[in-house]
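Note that ligands are numbered from 1 as they come in the structure, with each ligand's atoms numbered from 1 the same way. The shown structure was predicted, so the numbers you read here are calculated from the model rather than taken from an experiment.
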Amino acid sequence: MSLNIAIQKSGRLYDDTTRLLGSIGLRVHNTNDQLRAAFRGFDAHALFLRNSDIPKYLEDGVADIAVLGENTIIEKEADVEIIEYLGFQKCRLSIALPKGVSYRDIQDLQGKRIATSYPNTLTKFLDDNGIDASIHLISGSVEIAPNIGLADAICDLVSSGSTLFKNGLEEQTVILQSQACLAINKNLTAKKRALVDQLLFRIRTVLKAQQNRYILMNVPNERIEQISSVLPVLKSPTVLPLVEAGWSSLHSVIREDDFWNVINRLKELGAEDILIVPIEKMVV
Ligand code: PRP
């Protein structure tokens, strides 16, 4: 009994997904571009699928677990369970109009033609806001629609915003925020759920490591306690004596997004030679 892990066959998610799985020891042995291939290092197979097909396969139990964008789950209204957000492929589904077209709020979409690959999400958004607009379904390159007279506005994914910019469009209203997530079929057997839990444990060690940094610095002995209180991530920091009398090397872990907030405080308290080092895995 092996776990079937659905992965986007090609596209933006593919690289990040295979990198994440590789970092937890799951490397796929796929020399012949097969659509199903065994992983080395874990009792699982990869199913390489089209992004938009993944939610249905997951719901039906063809795949047990998948890495996919939350936006795709929402669009396909799939009855699956999200068990972890992965922090990559962050994007938003937004309404955009040609630059220079006046737009005060979503009421300005009344009677407009909107091109999108996300008809269900857009329909719900329009209905919730009492907007009567016509939806023009396009499966890709949606940003071209206003330029060729096919639509007045678009509703598409925005990440860096460069595709909008290149096509003379301006983002106006964000409909939803999304990122890659780990989702599972809701009716897994106990054995498969146990495999999923193993996988999740490994993934969390990597995600946690990405959110933190190892920090080491030289501190005057009389300041060890004060400096430790500024670095509250682990149980307590490691303190090692330096050859120079009265000084110690203090090691701890700090949240990546806290670093710039505490660096000045550490210096004020007398810390010197502060080094920040990436962490590969973190089990706490
Ligand atoms: C997505 C999306 C936008 C673009 C946005 O397309 O549909 O076109 O990325 O990214 P940006 O804001 O960083 O420019 P993708 O390249 O995945 O291909 P697709 O349009 O064929 O789905």
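A salt bridge links Asp128 with Lys124: the closest approach of a Lys/Arg side-chain nitrogen to an acidic carboxylate oxygen falls below 4.0 angstrom. Remark: Asp53 does not engage Lys56 in a salt bridge, criterion side-chain N to carboxylate O under 4.0 Å.
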Using distance only, find each side-chain donor-acceptor pair of residues 134-150 under 3.5 Å and give its atom names and separation, not counting sequence neighbours.
unit_1, atom_1, unit_2, atom_2, d
Asn147, ND2, Asn167, O, 3.3

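If you look at His45 and Phe39, their ring centroids are not closer than 6.0 Å.
Ligand 1 is surrounded by Arg12, Ser141, Glu143, Asp156, Leu157, Val158, Ser159, Ser160, Gly161, Ser162, Thr163, each with at least one heavy atom closer than 4.0 Å.
Residues Leu216 and His251 come closest through the heavy atom pair CB-CD2, 3.9 Å.
For the residue pair Tyr118 / Asn71, a side-chain donor-acceptor distance below 3.5 Å is found, with atom types taken as modelled.
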